[in-house]
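Read through the structure below, which is laid out as structure tokens, and then see the notes.
Proteins get letters first, then strands, A, B, ... in listed order; numbering begins at 1 in each. Note that the coordinates shown come from a computational prediction; the quantities given were computed from them, not determined experimentally.
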Amino acid sequence: MADQADDLRKQVSDAVSRQQSLNIAGGGSKPFYGYAPRPDSLRLDLGTHDGVIDYAPEELMIRVRAGTRLEVINQLLAENDQMLGFEPPDFDGQATIGGAVATGISGPRRPFAGAVRDFVLGVTLITGEAKQLSFGGQVMKNVAGYDVSRLVTGALGTLGVILDVSLKVLPAPRKESTLAFHTDLSETFELFDRARGYATLSGAAWQDGVARLRFSGTEVAVDVAAEAMRNGASTPVEDDFWIQLNNLKWADAPRQLWRISVPRSSPLFLEKLSVLDWGGGLRWVKDPDGNPRDALDGNQGHATLVVSRQVTEVELFHPLTKPVRDMHRKLKSVFDPQGVFNPGRMYGDM
Amino acid sequence: MRMEGQLNLDKHKFLEALGKISGENVISDRSLLTVYEADGLTAKKQLPWLVVLPREVQEVQEIVRLCHQHDVPVVARGAGTGLSGGATPHAEGVLLSLARFNRIVSVDFENELATVEPGVTNLAISDAVREQGFFYAPDPSSQIACTIGGNVAENSGGVHCLKYGLTVHNVVKLKLISPEGELYELGSEAFDSPGYDLLALLHGSEGMLGIVIEVTVKLTRIPDAICVVMAGFTETADAANSVSDIIARGILPAGLEMMDQPAIHAAEAFVSAGYPLSAGALLLCELDGHRSELEQQITDIKAIFENRSATSVEVAFDGDQRDRLWLGRKAAFPAVGRLAPDYYCMDGTIPRRQLATVLAKISELSTEFELKVANVFHAGDGNLHPLILYDANNEGELQRAEAFGARILTLCIDLGGTITGEHGVGIEKIDQMCVQFSSDELSLFHGIKAVFDSTGILNPGKAVPTLSRCAEFGAMHVHASAEEKFPGLERF
């Protein structure tokens, strides 16, 4: 439980005055994600800036310092029958809330409960001028000023150092049940379609010829849905599938691992699919022959090269349209005029 | 900074060029312009120089491009129902009405999405998909009239946002026009998009960053069963504590609304909803889900209400009965409006635990300013709507109402809340922005604005005050936050 804000601000201030780039690090659980920090970058360690600043279960709100481990937050929330709605991967307990928000990675519950950004209520930031600023707040509804809190969510630390974050939390379900179905992909889509008729659906994934449906909620509502969806091909299962899925345990040393986000009913990437998640909207492809982006054009989705063992010419993050890329570049210079925060971590020139 | 008379503009030539683009869609006749002189913030009236009601996307692009070339302000407007003056016209500018963009472009039930033009009303989206078992979840009280484009600009909420979220949670893609007239898209039909979350940034940006020309929204399935539980309480504190108890019990109601005694009386006199007149506070709690699940939750909630000394409890499953219970709440604003010639609606949001403190303080302020007040409250998410009653014909009363309102907003900030939960800043709360944000934070907002609109033609003078305005207003920003190291260091 330590507030390191003064020290962190001083480190940023020193770096800015020397035009020294910084590599913002929390628990170090996702080093594979995004471009590697520049070799000359100094590590700015957020891992000890931790602790819960405010937690009000009856307000559905928690405010925590960025270095707080997800493990700690999840346990505190569980003690109060609550949870983080976006189910972030915790990578064996290493991941911090700051990293979860900065990377914006949401878990299997995302299509049903919302993404990281949907739960972010406010942030305190150190900007590229070493100023400590607050945006958003601790309340559920807030439309004063531009939504900087959501802008920095998923920006991979390129817009500023997230010191603390206020999040909306959800009541934990009284019951959770998973059904497994041995089935091929075409039947899986039909299965997902039918399952979406139940408000308790909280997970819909497919891997290695097995589709799984997870239902969460009150006991009676979960039982009703599970009973209705059960058929000859299904078995109720109790294992750590969703945790394994979320933490990429299945990926097993890939040369390349692609995360492809598409409209749920998209016909793309089904031949060489490793995992289907988000009820069809998220597709993981391991070691493809070509560049999956060649199959995507216009607004059909986007592909991220999450793991790449070899240095590649391919951009890790999906290219942006020209007007949007210009906006990114300009926003970067507003938040971080000297370009000290995680330069090149997301896109080469930012 | 843009000032009146600064424009070195040949108005005649500009009008001629605009006529070539939009022809009969241009309104310049003074008598016709008065229709547009205010939005829902009727206390602030301003005639626009011109109004244009384009029909085609390309036409909008050309209009905006022309305005950009000549440095003429552009104020986008949907239905003009906004309550904070976000669409108040600019005297030297073009009011760009998007009302004619009122088509539903496509509905994709497979992916549970609908793509609509910005002038489509909020309710029209739900109407178009109801038969297939869907609705569009955010439901601001003006949903019959307000447009989805305006909802995006204000990040509108409604009574159901505790469970279903605000506009930002229910829009997946926007097509926009930049001040240079360029068409671009943000977001996608997938669950996420690459790069910074500009889609979120545009929500609630009050027409300052871009002009929304198409919106793709997420559709929600109509729940199996819906019920409303109404409870009356003698003490406001008991009602407020019941709300916390419900949340603590792990129940997330679809809607959770509260009214104080003046609001109950006004509503009952207006629509005869059957509200208990002896109650000091009334709670309306809407639950949705599987029928058998609701029955369990009702048992829990009734126990909570009894434990908090509720004086009456009524449960309604039947559609007509539910509508009757909602009727008073939904008619609360016009009902209160009958109590006085004018009312001023506030929109502060507070952490719910501060509710009793805030209501007591509002009551003190009511005595101090000698103005009556009725309170309706989105209790589930801490969003207050005090309605200050006044008579604009009595000299100084509007000013007194505004001063009263400003004190309420400052109080909300002091208690860890915000000056606006869902109505937006517009011109109404622009001075209070100086209280909520430091000059560095405001400067960052100006930096963001310049990224999207470098010459400042989009809706000038709204949403974010200039630093000089704050200096004039004389507000000193002091963060209540214990994490803030140098509270109040910035003083001007």
[X] portion near chain B, given a 4.5 angstrom heavy-atom threshold:
X	value
A:Leu151	both
A:Arg283	neither
A:Asp54	side chain
A:Met346	side chain
A:Leu170	side chain
A:His302	side chain
A:Phe317	neither
A:Val224	side chain
A:Lys322	neither

Test item: A:Thr127 and B:Asp440 side chains (from C-beta on) under 4.5 Å apart, heavy atoms: no
Measuring only between side-chain heavy atoms, which start at C-beta, is A:Thr304 closer than 4.5 Å to B:Pro194? no
Among [options], who wins on heavy-atom pairs under 4.5 Å with chain B?
options	result
A:Lys330, A:Glu59, A:Met140, A:Glu58	A:Glu59
A:Asp326, A:Leu282, A:Leu159, A:Leu156	A:Leu159
A:Ser333, A:Gly197, A:Ala115	A:Gly197

For [X], which atoms come within 4.5 Å of any heavy atom of chain A: side chain, backbone, both, or neither?
X	value
B:His423	backbone
B:Arg249	both
B:Lys449	both

Check the pair A:Tyr146, B:Phe452 against ring-ring contact (aromatic ring centres under 6.0 Å, His included), reporting the backbone distance first and the verdict last. CA-CA 12 Å; A:Tyr146 299 127; B:Phe452 290 84; 8.2 Å; no
For chain A, which of [options] has the most heavy-atom pairs under 4.5 Å?
options	answer
B:Val464, B:Val425, B:Ile448	B:Ile448
B:Asn383, B:Leu162, B:Asn155	B:Asn383
B:Ile247, B:Leu201, B:Leu202, B:Asn111	B:Asn111
B:Gly204, B:Gly250, B:Ser443	B:Gly250
B:Asp224, B:Ile350, B:Leu209, B:Ile246	B:Leu209

Verify, without hydrogens or angle tests, whether A:Arg150 (side chain) and B:Asp197 (backbone) share a donor-acceptor contact under 3.5 angstrom. no
Hey, is the main chain of A:Ala199 close enough, under 3.5 Å, to the side chain of B:His290 for a donor-acceptor pair?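 Checked: no pair found.
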Please determine whether a side-chain nitrogen of the Lys or Arg among [X] and [Y] lies less than 4.0 Å from a carboxylate oxygen of the Asp or Glu.
X	Y	result
A:Asp118	B:Lys218	no
B:Glu112	A:Arg196	yes
A:Lys131	B:Glu441	no

Under the side-chain hydrogen bond (donor to acceptor under 3.5 Å, both in side chains) test against A:Asn142, which residue among B:Thr420, B:Thr349, B:Asp381, B:Thr418 passes?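 So, applying the side-chain hydrogen bond (donor to acceptor under 3.5 Å, both in side chains) to A:Asn142 and each of B:Thr420, B:Thr349, B:Asp381, B:Thr418, only B:Thr418 qualifies.
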Please confirm whether A:Tyr347 and B:Tyr196 have ring centers closer than 6.0 angstrom. no
Going through the checks in order, is the salt bridge (Lys or Arg N to Asp or Glu O under 4.0 Å) test met by B:Asp108 and A:Arg264? CA-CA 11 Å; B:Asp108 173 2; A:Arg264 204 157 35 201; over 6 Å; no
Give me the contact list for residues 164-172 of chain B versus chain A, heavy atoms only, anything under 4.5 Å, ordered by residue number.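 Residues in range: B:Leu166, B:Val168, B:His169.
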Sort by residue number and list every member of residues 103-112 of chain A having a non-hydrogen atom under 4.5 Å from chain B.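 Residues of residues 103-112 of chain A touching chain B at under 4.5 Å: A:Arg110, A:Pro111.
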